[in-house]
Amino acid sequence: MKITVLASGSKGNCICVEGGSGTILIDAGISNRDIRRRMAEAGADAGDVEGLFLTHEHSDHIRGVDVFCRGSGVAVHGTKGTLSGLAPTLKKPGALKLHPMAHGEGVACGDFTVTTFHTSHDAAEPSGFCIREGDVTLGVCTDTGMVTPAMLAYLRRCDAVILESNHCPVMLVEGRYPAFLKRRIADTKRGHLSNPAAAAVLRHLCADLSHVVLAHLSEENNTPEKALATAHEGLGLYAGNQQVAVARQHTISDSFEV
Ligand SMILES: [Zn+2]
Ligand SMILES: [Zn+2]
């Protein structure tokens with residue numbers, strides 16, 4: 001399984017997962033043109049995409065869905081709540097193949113099995129994913145105010161994890177965002193995962209994990225250096241065992257294989 005984060009952050013999210021015989025995308029929050037351009041840059045073929053899986057319906061995760069999927073015929077998978085939120089953004093709703101999936105359910109897509117789990121975010125029915133191909137599993141967990149024991153149980157099965165590390169709590173408190181927005185971001189039920197909260201998750205995962213990608217970093221309330229330093233603290237003694245990287249907003253990440 002080859003993984004490339006094509007974009008990550010509040011301006012757009014898209015992850016490309018290439019398997020032995022096909023490719024899936026997680027979120028399409030950048031334009032159709034950017035999806036295709038960044039896939040090509042990663043050496044991936046947009047014609048190989050077998051399915052698109054959506055974490056939730058916020059615009060930074062669905063911006064490119066309509067045009068990309070209408071042009072390619074690629075099916076869109078998401079919870080009922082996410083697909084309901086997507087519907088008003090579609091020009092011709094009937095033109096897209098929408099496949100509802102339930103939390104906890106495994107969906108086959110090519111050689112992949114994709115299982116969703118519930119996340120804590122201000123969206124209708126947001127999801128994280130475990131993506132399995134053969135004996136390898138990738139976890140995707142972003143846009144969540146907290147990681148519950150149930151979510152942790154999913155992530156512990158993974159060989160690689162793309163995990164939100166959205167903000168440094170000190171930068172958020174001292175930053176220039178209005179108070180209501182600060183509260184929303186830090187809200188554990190509906191917000192975004194902080195650097196220390198991500199580090200606490202990593203502390204529970206580190207034994208078998210080979211790769212960690214810190215994702216959905218705030219450009220305003222975080223720096224890649226701070227996110228990396230806190231993640232390394234979380235990994236502690238295991239810090240040498242994992243490759244830890246930061247996903248970027250404006251450029252694709254280095255691809256890695258698990
Ligand atoms: Zn987001
Ligand atoms: Zn969101």
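Residue indices begin at 1 and follow the sequence shown. Counting starts at 1 for both ligands and their atoms, in listed order. What you see is a predicted model; the values in this text were computed from it and never measured.
- Panel note: side chain D143, backbone H121; no donor-acceptor pair is recorded below 3.5 Å.
- Other residues, nucleotides and ligands place no more than 12 heavy atoms under 6.0 Å from the CG atom of D254.
- The salt bridge (charged side-chain N to carboxylate O under 4.0 Å, His left out) analysis of residues 64-93, with sequence neighbours excluded, yields the pairs D66-R70.
- By the ring-ring contact (aromatic ring centres under 6.0 Å, His included) test, F117 pairs with Y154, sequence neighbours left out.
- Protein nitrogen, oxygen and sulfur atoms, that is N, O or S, within less than 2.8 Å of the Zn ion (ligand 1) amount to 4.
- Listed by chain and number, the residues in a side chain to side chain contact (heavy atoms under 4.5 Å, CB included) with K226 are C168, M171, N195, N222, T223 (sequence neighbours excluded).
- No continuous path of ILVMFWY side-chain contacts below 4.5 Å connects V147 to F129, so the two sit in separate hydrophobic clusters.
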